[in-house]
Each structure stands twice: as C-alpha cells, then as structure tokens.
Amino acid sequence: MNEIRIVVAGAAGRMGRTLIRSVSETKGCVLSGALEAHGHPDLGQDAGALAGLKPLGVTLTDDPLPALAHAQAVIDFTVPNVSIELAALAAQARIVHVIGTTGFSADDEAKIRAAARHAVIVKSGNMSLGVTLLASLVARAARALPDFDIEIVEMHHRLKVDAPSGTALLLGRAAAEARGAPLEENMVRARDGHTGTRAHGAIGFAALRGGTVVGEHEVILAGAHERIVLGHVAEDRAIFAQGAVAAAKWGQGRSPGLYGMKDVLGIAD
C-alpha cells in the first residue's frame with residue numbers, strides 16, 4: 001500500500017511542528033508538504049529540522065497549490081480565513097481536509113459545508129479520543145438529566161486568541177443537541193454585574209487564560225443538592241496531532257461530506 005502523502009498547514013507553529021512529528025512517526029504516512037503564511041521567517045527551512053527531526057527534504061512554502069496537487073490530505077490547525085481557503089482548494093483537488101481550527105463564524109461554517117460537497121472534510125474543535133468520548137458522555141448526561149443546569153469551564157495557555165475554546169463549544173453543542181435546543185439560543189458566554197437569575201436551559205461558559213496550559217475542560221451538571229462533573233485534561237499537544245493524522249487516514253476513499261471525530265472513532269451517542 002502506498003504511503004498517504006500529507007500536507008501540514010501552519011507548519012512552523014507549535015501545533016504544526018507537533019503534526020510534522022506525528023505524521024513522520026505514523027506508519028503508512030509521509031509528510032509531502034509544509035505550508036506557512038507569506039513572509040513568514042521560516043519559509044524555505046526544512047520542515048523536519050524545524051520540528052526537531054532529521055531533515056525530511058520538505059521545505060516550508062507559502063504556495064499551497066503545488067503542495068496540495070501532490071497530496072492525499074491536508075491537516076490544518078491555523079486560523080479561520082486560511083482554513084476557508086484550504087477547504088476550497090481541497091475541494092478542487094478532491095483530497096481529505098482535516099480541520100482543527102476554531103473560531104469560525106456562521107458564514108465560515110457555510111463555506112466549509114459547501115466545500116464538503118466535493119471533498120472529505122473532518123472537522124472538530126478537538127481531535128483527541130478522550131474529548132470525543134467526553135462529548136458523548138455529556139450528551140447522554142444532558143439527555144438523562146434535562147432539568148440540571150449546565151456550566152462549562154475551560155482553561156488554556158495565555159497565547160490562545162479565541163474564547164470560548166472550540167472544545168468548550170463542541171461540548172456545549174453536544175449537550176444542547178441532546179436536549180433538542182440550538183446552542184446559539186441558549187449559551188451564556190459571560191456574566192457581569194446584576195445579571196438576574198439563571199435562565200432555564202441556559203448553558204454557561206467560562207474561559208480562563210494563563211501560563212502554558214495545553215487545555216482543560218470541565219462540564220458541570222448542577223441539580224438540586226447534587227452535581228456531576230465531567231472533565232478532560234490535555235497534557236501534550238501530541239494527542240491532537242495523533243487524532244488528526246488518524247482522521248486523515250480514515251478519510252481516504254470516503255465519500256465527500258462533512259465528518260467529525262465521532263465518525264472517525266465510531267462513537268455513537
């Protein structure tokens with residue numbers, strides 16, 4: 001069987017370097033391209049050396065077209081506008097696009113769905129096995145305990161630019177959909193001052209930022225005189241990279257469409 005040729009977008013970043021290492025260490029996969037923004041100081045460097053490996057013969061480039069033309073998948077933990085551009089290019093090239101980017105607008109989501117008519121897109125706010133299972137447990141708990149209040153608390157490193165995190169939104173959406181209620185109509189992103197009593201069915205979010213925290217999430221279901229706390233602690237970015245590479249492999253030969261990590265792992269609510 002031929003190796004799956006994978007392009008990593010945002011290759012010079014912390015997650016990009018982790019992805020390069022994960023692709024290189026995964027049997028049946030090979031790094032075939034490494035993308036970075038125009039003008040980035042690391043353009044032209046060897047991707048392997050940049051990631052702390054032996055040179056791989058793949059240099060960082062700002063031109064996605066030739067890279068995607070010779071690949072079977074692109075893994076993308078970048079920013080929304082870059083992910084939207086890559087989704088369109090992946091659709092043209094008919095390759096798998098794995099999206100770990102967060103912070104999309106409703107218009108962005110519509111563009112990704114359009115691209116998924118022609119490409120296999122695996123998109124998730126969190127690529128880890130543990131979080132995927134956690135989302136399933138949250139859905140079951142929310143459905144079984146419809147009168148319990150739900151609060152989601154997350155903490156990430158001080159450099160994270162979006163809040164709530166994509167994982168927190170993923171967990172909130174799992175709870176909301178389990179109760180048959182749109183998250184956008186029930187989410188409370190912040191509280192300050194005299195807020196009044198808690199609205200029935202609200203799903204609250206609290207975002208903490210500081211230090212070098214990779215990612216911590218707690219989902220609190222609070223009822224009368226009792227609470228259930230479900231949580232996940234990420235200790236290494238490698239768990240996200242490993243999940244993303246697994247998604248790239250899983251997508252090979254699939255029909256075009258928009259998938260999530262539950263599809264990759266075969267987890268049902």
Side-chain angles (χ1 to χ4, degrees), residues 79-80 99-110 112-113 123-235 239-240 258 260-263 265 267-269:
V79 292
I99 303 177
T101 306
T102 59
F104 292 105
S105 67
D107 184 56
D108 293 335
E109 298 282 4
I112 290 173
R113 288 193 297 272
K123 177 177 174 292
S124 178
N126 192 298
M127 294 285 170
S128 83
L129 171 61
V131 166
T132 304
L133 178 60
L134 175 60
S136 180
L137 295 174
V138 168
R140 293 185 183 191
R143 189 182 301 116
L145 303 168
D147 294 325
F148 276 51
D149 298 325
I150 298 176
E151 294 287 317
I152 299 173
V153 181
E154 54 101 342
M155 183 168 185
H156 285 82
H157 54 88
R158 64 188 306 274
L159 299 178
K160 186 169 178 61
V161 298
D162 60 312
S165 70
T167 302
L169 293 172
L170 180 154
L171 296 171
R173 187 159 285 108
E177 290 177 354
R179 292 180 172 178
L183 176 62
E184 289 71 21
E185 296 177 10
N186 293 279
M187 67 189 306
V188 178
R189 288 179 175 252
R191 297 185 179 96
D192 183 55
H194 187 73
T195 61
T197 59
R198 192 182 199 281
H200 179 72
I203 297 177
F205 291 82
L208 312 179
R209 296 288 179 268
T212 58
V213 177
V214 174
E216 298 183 9
H217 294 83
E218 279 192 351
V219 180
I220 303 166
L221 294 98
H225 314 299
E226 61 180 333
R227 283 178 292 160
I228 296 172
V229 181
L230 302 171
H232 179 269
V233 176
E235 298 177 347
I239 64 172
F240 310 130
L258 182 58
M261 283 303 289
K262 286 199 301 184
D263 299 304
L265 300 171
I267 294 177
D269 290 337

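Any value given below was found using the heavy atoms of this structure, including those in side chains, with hydrogens, waters and symmetry copies removed. We count residues from 1, following the sequence as given.
Distance check: R209 CZ to S165 OG gives 6.5 Å after rounding to the nearest 0.5 Å. Between atom CG of residue L183 and atom CD of residue E177 there is a gap of 8.5 Å, rounded to the nearest 0.5 Å. D149 CG to L221 CG: the interatomic distance, rounded to the nearest 0.5 Å, is 9.0 Å. L208 contributes atom CG, which lies 7.0 Å from atom CD of E154 (distance to the nearest 0.5 angstrom). Note that the CG atom of L129 and the CG atom of L134 stand 11.0 Å from one another [nearest 0.5 Å]. Between the CG atom of N126 and the CG atom of L171 there is a distance of 8.0 Å, given to the nearest 0.5 Å.
Between D162 and G103, the shortest heavy-atom contact is OD2-N, 3.9 Å. The minimum heavy-atom distance between A139 and A178, with the atom names listed, is O-CB, 3.2 Å. The minimum heavy-atom distance between P164 and A168, with the atom names listed, is CB-CB, 4.1 Å. Contact detail for F205 and E151: the closest heavy-atom pair is N-OE1, 4.4 Å. The minimum heavy-atom distance between A202 and V188, with the atom names listed, is CB-CG2, 4.0 Å. Annotation for I203 and A175: closest pair CD1-CB, 4.2 Å, computed over non-hydrogen atoms.
In this structure, T102 and L169 have side chains that are not in contact, with every pair of non-hydrogen atoms separated by 4.5 Å or more. Counting heavy atoms from C-beta outward, D147 and H200 have side chains that approach closer than 4.5 Å. Looking at K160 and V213, their side chains never come closer than 4.5 Å, going by heavy atoms from C-beta outward. Between R140 and L230 the shortest side-chain heavy-atom distance does not fall below 4.5 Å. When side chains are defined from C-beta on, I150 does not count as touching F148, because their heavy atoms never get closer than 4.5 Å.
Heavy atoms of other residues, nucleotides or ligands lying less than 6.0 angstrom from CZ of R198 number more than 12.
For K123 and E109, the salt-bridge test passes: some basic side-chain N is under 4.0 Å from an acidic carboxylate O. Ionic pairing of E184 and R173 is present here: one or more N-O contacts between side-chain nitrogen and carboxylate oxygen are shorter than 4.0 angstrom.
With T167 contributing its side chain and G125 its backbone, the two residues share a donor-acceptor pair below 3.5 Å. Counting only distance, with no hydrogens or angles, the side chain of R179 and the backbone of A142 share a donor-acceptor pair below 3.5 Å.
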>> With side chain to side chain contact (heavy atoms under 4.5 Å, CB included) as the criterion, how do V131 and F240 come out once you've worked through the C-alpha distance, each side chain's angles and the decisive distance to 0.1 Å?
In response: CA-CA 10 Å; V131 166; F240 310 130; 5.5 Å; no
>> I'd like to know whether H217 forms a side chain to side chain contact (heavy atoms under 4.5 Å, CB included) with L170, so could you lay out the CA-CA distance, the side-chain angles of the two residues, the decisive distance to 0.1 Å, and finally the verdict.
In response: CA-CA 11 Å; H217 294 83; L170 180 154; over 6 Å; no
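In this view, T195 satisfies the side-chain hydrogen bond (donor to acceptor under 3.5 Å, both in side chains) rule with no residue, not counting sequence neighbours. Legend: residues meeting side-chain contact (heavy atoms from CB on, under 4.5 Å) with D108, ordered by chain and number and at least two apart, are P80, I84, F104, S105.
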